[in-house]
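Below: the structure, in structure tokens.
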Amino acid sequence: EWHSFGPDVSVPMQEYFKRWLMDTYKTQEALRTSWKDASVTFDTAEFHPECYRPGDDISMRDPRFSQNTTDSQMAYQQSNVDAIIRLCRAAKNTMPNILCGSFYSYIIRTGGNTMTIGGHLCVDTIYNNRDVIDFLAGPFCYSDNRKSDGVPMQRTLLESHRLNGL
């Protein structure tokens with residue numbers, strides 16, 4: 001099961017974030033422009049995937065105030081995807097005929113007031129690595145749609161198949 005209760009803010013994740021910023025922005029000037037911070041550098045950029053910022057509207061981020069939070073959350077989600085791909089690739093290299101996949105559903109407590117981010121922002125990267133990832137799985141939505149008269153909303157292989165035209 002690939003989700004966490006709160007973001008990883010470890011030293012390795014912070015180092016990953018700095019590399020992600022360099023890959024994304026290429027120059028410190030581009031980073032400064034996006035973050036609207038004339039003093040930020042790749043070395044001083046702070047990793048804040050869990051923070052609610054003034055100017056945000058709970059689940060909506062205002063890039064005038066919180067592009068650094070948006071970037072932190074994107075990097076955090078990309079790090080999860082990178083790990084899944086690396087692990088599946090290692091398994092396939094060892095045992096080429098096995099099925100490899102992941103339970104992949106949501107990130108918890110990374111938004112304002114500990115809100116859940118439903119789904120992932122980097123799922124296209126997963127789909128573009130079908131040579132090593134055979135399936136994704138996830139739970140049913142935890143809401144009224146599970147009642148007998150509710151509309152079923154699946155976050156499982158059915159959605160994966162639909163998105164990939166299968």
Side-chain angles (χ1 to χ4, degrees), residues 1-26 30-31 33-37 40 42-53 55-92 100-143 153-164:
E1 185 169 346
W2 201 274
H3 71 87
S4 62
F5 290 89
D8 173 3
V9 293
S10 66
V11 170
M13 184 61 223
Q14 291 177 40
E15 291 168 356
Y16 178 95
F17 177 60
K18 291 179 190 317
R19 288 190 308 274
W20 184 91
L21 288 174
M22 287 186 251
D23 290 342
T24 300
Y25 288 105
K26 309 296 185 215
L31 174 66
T33 299
S34 181
W35 283 25
K36 295 171 182 46
D37 181 347
V40 71
F42 292 126
D43 290 329
T44 63
E46 293 185 18
F47 180 61
H48 287 288
E50 76 292 346
C51 295
Y52 174 78
R53 298 301 170 107
D56 288 343
D57 182 18
I58 301 177
S59 62
M60 303 296 289
R61 300 273 180 227
D62 186 336
R64 294 173 299 164
F65 302 102
S66 60
Q67 184 61 42
N68 55 349
T69 301
T70 299
D71 286 345
S72 294
Q73 290 179 341
M74 285 298 298
Y76 179 62
Q77 292 196 24
Q78 185 64 52
S79 73
N80 282 275
V81 166
D82 290 349
I84 291 168
I85 293 167
R86 275 194 315 273
L87 291 169
C88 286
R89 182 164 280 119
K92 288 278 192 178
C100 288
S102 177
F103 176 101
Y104 190 59
S105 60
Y106 39 73
I107 294 181
I108 297 176
R109 296 190 181 124
T110 59
N113 297 326
T114 70
M115 78 180 169
T116 299
I117 294 176
H120 286 272
L121 301 177
C122 304
V123 74
D124 57 321
T125 305
I126 293 276
Y127 292 135
N128 290 332
N129 282 274
R130 288 188 295 255
D131 58 321
V132 295
I133 299 173
D134 298 305
F135 68 90
L136 293 179
F140 285 95
C141 294
Y142 304 117
S143 61
M153 296 173 60
Q154 304 207 20
R155 295 186 289 190
T156 60
L157 294 177
L158 296 176
E159 184 68 2
S160 172
H161 281 80
R162 184 190 68 77
L163 289 171
N164 286 283

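Numbering starts at 1 and runs along the sequence shown.
The shortest distance between side-chain heavy atoms of Thr24 and Met74 does not fall below 4.5 Å. Counting only heavy atoms from C-beta outward, the side chains of Glu46 and Asn68 never approach each other to under 4.5 Å.
Atoms CG and SG, on Asp134 and Cys88 in that order, are 7.5 Å from each other to the nearest 0.5 Å. Taking OG of Ser102 as the start and CD1 of Ile133 as the end, the distance is 7.5 Å to the nearest 0.5 Å. To the nearest 0.5 Å, the span separating CZ on Arg89 from CD1 on Ile84 amounts to 13.0 Å. Note that OH of Tyr25 is 5.5 Å distant from CH2 of Trp20, once rounded to the nearest 0.5 Å. Of the inter-residue distances, the one linking Tyr76 atom OH with Met13 atom CE reads 8.0 Å to the nearest 0.5 angstrom.
Ile85 and Val132 get closest at one heavy-atom pair: O-CG2, 4.2 Å. Across all their heavy atoms, Thr125 and Asn129 have their closest contact at O-ND2, 2.7 Å.
Comment: Asp131 does not engage Lys92 in a salt bridge, judged by the lack of any side-chain N to carboxylate O separation of less than 4.0 angstrom.
Of the candidates Ser72, Ser79, Pro12, Phe17 forms a side chain to side chain contact (heavy atoms under 4.5 Å, CB included) with just one, namely Ser72.
Sorted by first and then second residue, the side-chain hydrogen bond (donor to acceptor under 3.5 Å, both in side chains) pairs with a member in residues 10-19 read Asp8-Ser10, Tyr16-Asp82; sequence neighbours excluded.
In this structure, a donor-acceptor pair under 3.5 Å is present between the side chains of Trp35 and Asp71.
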